[in-house]
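Computed from a prediction, not measured in an experiment: that's the story for all the values here.
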Amino acid sequence: MPELPDVEMLRRYIEDTSLDQKIVEVNAQHIRLLRVDEPVLSEALNGSSFKRCTRYGKLAFLATDRGSALVLHFGMTGNLHYLQQNEPEPDYTCLLVSFENGNSLSYTSTRKLGRIDLTYDIAGYIIQNHLGPDALTVNKKQFKSIIGKSTASIKSVLMDQSKIAGIGNIYSDEILFQAHIHPKKKTSELNDDALGMLYRKMEHVLQIAIDRQADSKSFPDSWIIHRRMEGENCPVCGGKVAKLKISGRTSYFCSACQKLA
């Protein structure tokens, strides 16, 4: 599932390929992903051009020169493809934005679990959708306050977009592994030092992932992301990787490095 580093790569991709080109047609091919009526979306985008793309958590906002912004959530399998003139449309295209120069931008999703929306107020949209601060802009004091107030398991809290926006299943596992915190640990049981360590590891993991273009194969060998299978050997201590379900998601952790007690 695209998480913050993956969406940051998509944001950069949009800025590298799709800005300052007049939009002439918007074709939504899977209406169930739309959170806005297709005629409204077309009217807002046609004749405009994307001027910038910003990311907040797992969302990308493609702002136009007319004040509107296309909002993309990528679900589990969302992706973007910039197509040159006459290049065939990819399979599973859900939204196709065609430009005057003959090129186009395709939003694809094999499992149709993403979201396509429109806003004229990005800050207001973030508030209306109850998103917490972005994981890469939240400061340590805010982070400690947000996390420390919860009584749920730390894995659940890290994935809760209303608490901290941008972290999902895979990166929460990595952050907790590097902080030596069991995913079922109650946040109320974490002291100030543990919360500080968690914050530093969150920043470190997300920034390294971005620096390496969200390509997991290039991540450090010491990361548990390479060993996400029950019974694998921990890359740090050689202990066994275990798994359990938390908030409906499968979590992987080292049973030796990440003690619950």
Looking at every non-hydrogen atom in both residues, tell me the closest pair between Q21 and F99 and how far apart they are.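 What the structure gives for the nearest pair is O-CD2, 3.4 Å.
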
Taking all non-hydrogen atoms of both residues, which atom of R35 and which atom of L33 are closest, and how far apart?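 Scanning both residues completely, I find the closest heavy atoms to be NH1-O, 3.3 Å.
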
With distance as the sole criterion, is a donor-acceptor pair present between the side chains of [X] and [Y] under 3.5 Å?
X    : Y    : result
S162 : D160 : yes
K155 : S172 : yes
D173 : S251 : yes

Within a 6.0 Å radius of atom [atom1] on [X], are there more than 12 heavy atoms belonging to other residues, nucleotides or ligands?
X    : atom1 : result
Q213 : CD    : no
R111 : CZ    : no
D211 : CG    : yes
E89  : CD    : yes
K144 : NZ    : yes
K22  : NZ    : no
Y82  : OH    : yes
K149 : NZ    : no

So, are R200 and E203 salt-bridged, with charged N and O less than 4.0 Å apart? no

Any side-chain heavy-atom pair from [X] and [Y] closer than 4.5 angstrom?
X    : Y    : value
L72  : L10  : no
I225 : F177 : no
V71  : R115 : no
T64  : K51  : no
L198 : L176 : yes

Candidate pair H182 and L244, rule side chain to side chain contact (heavy atoms under 4.5 Å, CB included), full reasoning: CA-CA 11 Å; H182 193 285; L244 50 79; 3.9 Å; yes

Connected via hydrophobic side-chain network under 4.5 Å: I175 and I224: no

Tell me whether I146 shares a hydrophobic cluster with L4, the cluster being built from Ile, Leu, Val, Met, Phe, Trp, Tyr side chains joined at under 4.5 Å.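 Same cluster: I146 reaches L4 through Ile, Leu, Val, Met, Phe, Trp or Tyr contacts under 4.5 Å.
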
Kindly say whether the aromatic ring centers of Y125 and Y56 come within a distance under 6.0 Å. no

Quick one: does any side-chain atom of E25 pair with a main-chain N or O of V97 as donor and acceptor, under 3.5 Å? no

